[in-house]
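Data block below; observations after.
The first residue in the sequence is number 1, and the count goes up from there.
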Amino acid sequence: MPVRRFLRSIAYLLYGALLASFLAGYAARFVPPEALWWLQLAAIPLPYLSAAVVLGALPVLLARNWALLGLNGALVVLIVIRFWPVGGGGDPSSFTAGEKLSLMTLNYPSWPSHDRARRRTDFLRLVQRERPDVITMQEGWHFYGPDGTRLHARDDMAMLADSASYLTSGPLRSDRSVTHVPIFSLFPMETVNTFVIAPDRRGTGADVTRAETTWRRRRLVIFNVHLQSFGSAKPWREDNTSILSPRTWIRYLRQYRDAILRRAGQAEQIAAMIEEEPDPVIVMGDFNSTRHNWDFNRISAGLQDTHAVAGSGRGATYHARYPIARIDFILASEEFVVLSSRAPRVRISDHRPVIASVAWREEGLAASAN
């Protein structure tokens with residue numbers, strides 16, 4: 001019947017579009033954005049495209065299309081390879097409290113809202129309850145004097161030092177400095193440097209803080225990073241713009257293309273900095289991309305994604321109200337054994353925090369030997 005053939009054609013067309021979108025998102029991790037920048041957009045919904053591919057096997061089976069079923073089966077294998085937990089985490093009970101390094105990262109912008117006091121209280125309670133050894137913040141501006149001491153900070157950032165007894169310091173330089181990516185810790189940071197990587201004409205780029213310290217008699221380098229975002233302007237938020245207008249989408253696609261290309265350049269430079277480090281490294285922050293994007297793959301090369309190794313729950317961090325993507329990460333070099341990682345269900349920002357625990361791998365091996 002013509003109607004049945006028409007519906008079948010539509011079904012195959014939709015199925016083909018699903019497979020093409022899935023393959024584009026899957027390939028985004030490996031293809032430099034300079035070649036095919038739009039693949040990075042397809043990577044964002046990859047978990048949901050993967051679920052649709054798995055569910056799509058059922059109607060293909062009912063239709064007895066064995067060729068498509070074989071293709072679908074091959075794609076399911078790719079899904080298992082990508083999403084199967086990495087594993088290899090350590091047993092937290094094998095380490096004493098002093099042998100564990102607790103870490104937290106959070107993008108915490110300043111919102112001019114009526115609930116600012118409540119957010120500030122909830123944030124302080126979270127910090128006091130978790131008591132991480134190191135906290136990295138994004139969009140939490142701090143001013144530092146020429147000697148690296150704190151001069152001024154946003155009130156909800158200042159309370160980390162004033163009410164929670166955390167230490168923070170800036171770079172040693174001839175004048176005062178400001179950073180939007182401060183590092184707080186319960187032990188001193190010995191050398192701190194701040195960078196703005198690949199800035200545009202307004203001076204906006206990837207904010208990076210690099211700190212050297214010693215923990216349990218070993219040298220350690222900590223990076224706090226905040227990569228390029230797509231920007232706060234969204235087509236569905238504009239009052240005088242038609243969301244159905246091709247001009248609207250062309251303008252925003254150009255905006256997204258420029259952000260993707262700039263973020264790729266920033267990721268390349270950050271990865272080069274990490275590769276030059278002779279000491280163990282921990283990288284924390286807001287990547288503004290998922291683990292399926294090229295940027296994450298470039299920066300995380302040789303490092304452990306704490307959530308992939310020992311995470312609990314989905315770990316999605318954005319948006320805090322309805323988290324659909326994991327764009328905030330804690331990465332650790334192979335000298336560490338990852339003990340835990342999670343993204344608590346708190347709404348003190350538009351991001352959820354990531355909290356992880358690691359330990360020196362050699363101390364775990366020594367304990368096992370004894």
Side-chain angles (χ1 to χ4, degrees), residues 8 10-33 35-89 227 230 256 260 263-264 267 287-319 322-332 338 340-343 345 352 354 356:
R8 182 177 297 174
I10 293 297
Y12 281 130
L13 181 64
L14 293 175
Y15 186 74
L18 169 63
L19 298 190
S21 300
F22 167 80
L23 290 172
Y26 200 95
R29 177 187 284 189
F30 311 106
V31 181
L36 297 170
W37 67 268
W38 51 269
L39 291 180
Q40 304 304 313
L41 294 176
I44 298 172
L46 184 62
Y48 305 98
L49 294 172
S50 301
V53 168
V54 173
L55 295 175
L58 180 58
V60 172
L61 176 62
L62 295 176
R64 297 184 179 182
N65 189 324
W66 308 121
L68 273 185
L69 188 62
L71 174 61
N72 203 104
L75 297 184
V76 169
V77 172
L78 292 179
I79 292 171
V80 171
I81 293 173
R82 175 65 63 88
F83 290 94
W84 194 264
V86 174
L227 271 66
F230 288 123
Y256 296 160
I260 287 170
R263 189 161 61 223
F287 286 33
N288 274 309
S289 56
T290 72
R291 71 184 185 97
H292 310 292
N293 288 98
W294 185 89
D295 318 307
F296 173 83
N297 194 45
R298 182 68 184 91
I299 293 176
S300 64
L303 303 176
Q304 305 174 87
D305 175 1
T306 57
H307 192 82
V309 173
S312 59
R314 290 177 55 237
T317 60
Y318 188 84
H319 187 280
Y322 303 111
I324 61 172
R326 186 161 69 96
I327 63 174
D328 302 88
F329 299 92
I330 297 178
L331 312 176
V338 180
S340 66
S341 183
R342 56 195 173 89
R345 297 180 60 181
R352 290 185 177 182
V354 180

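Put simply, the side chain of L41 reaches to within 4.5 Å of the side chain of F230, judged on heavy atoms. Residues L46 and T290 have side chains not in contact (no heavy-atom distance under 4.5 Å, counting atoms from C-beta outward). By the 4.5 Å heavy-atom criterion applied to side chains, V86 and D305 are not counted as neighbours. Looking only at side-chain heavy atoms (C-beta outward), I81 and Y26 come within less than 4.5 Å of each other. With contacts defined as side-chain heavy-atom distances shorter than 4.5 Å, the pair I299/L227 qualifies.
Contact record, A42 with S21: CB-O, 4.1 Å, taken as the closest heavy-atom pair. Contact between R29 and R291 at its shortest, heavy atoms only, is NH2-O, 3.1 Å. What you find for V309 and G88 is that their closest heavy atoms are CG1-C, 3.8 Å. Between A43 and A28, the shortest heavy-atom distance links the atoms CB-CB, 3.6 Å. N72 and G56 make their closest contact through OD1-C, 4.0 Å (heavy atoms, listed as atom of the first residue, atom of the second, distance). Of all heavy-atom pairs between V31 and A35, the closest is CG1-CB, 4.1 Å.
Here the CG atom belonging to L75 is positioned 11.5 Å from the CG atom belonging to L49, to the nearest 0.5 angstrom. From F287, atom CZ reaches atom CG of D328 across 9.0 Å, with rounding to the nearest 0.5 Å. Distance check, rounded to the nearest 0.5 Å: CG of L18 to CG of L23 gives 9.0 Å. The CG atom of L19 sits 12.0 Å away from the OH atom of Y12 when rounded to the nearest 0.5 Å. To the nearest 0.5 Å, the span separating CZ on R352 from NE2 on H319 amounts to 10.5 Å. The line from CD of Q304 to CD1 of I330 is 12.5 Å long, rounded to the nearest 0.5 Å.
Evaluation of the side chain to side chain donor-acceptor pair (under 3.5 Å) rule for S289 yields no partner, not counting sequence neighbours. Qualifying side chain to side chain contact (heavy atoms under 4.5 Å, CB included) partners for L61, counting only residues two or more places apart in sequence or in other chains: W66, L69. A search for ring-ring contact (aromatic ring centres under 6.0 Å, His included) contacts involving F83 returns H292, not counting sequence neighbours. In this view, R263 and D295 satisfy the side chain to side chain donor-acceptor pair (under 3.5 Å) rule, not counting sequence neighbours. For V54, the side chain to side chain contact (heavy atoms under 4.5 Å, CB included) partners two or more places apart in sequence, or in a different chain, are V76, I79.
Checked by atom type and distance alone, the side chain of N65 never pairs as donor or acceptor with a backbone atom of V60 at under 3.5 Å. Under the 3.5 Å distance criterion, the side-chain polar atoms of R326 are left unmatched by any main-chain donor or acceptor of A343. Of the possible polar contacts, none joining the S341 side chain to the A356 backbone as a donor-acceptor pair under 3.5 Å is found.
Applying the ring-ring contact (aromatic ring centres under 6.0 Å, His included) test to every pair with at least one member in residues 36-56, sequence neighbours left out, gives no pairs at all.
Around the CZ atom of R8, the shell of radius 6.0 Å holds no more than 12 heavy atoms that belong to other residues, nucleotides or ligands. In F30, the CZ atom is crowded: over 12 heavy atoms of neighbouring residues, nucleotides or ligands sit closer than 6.0 Å.
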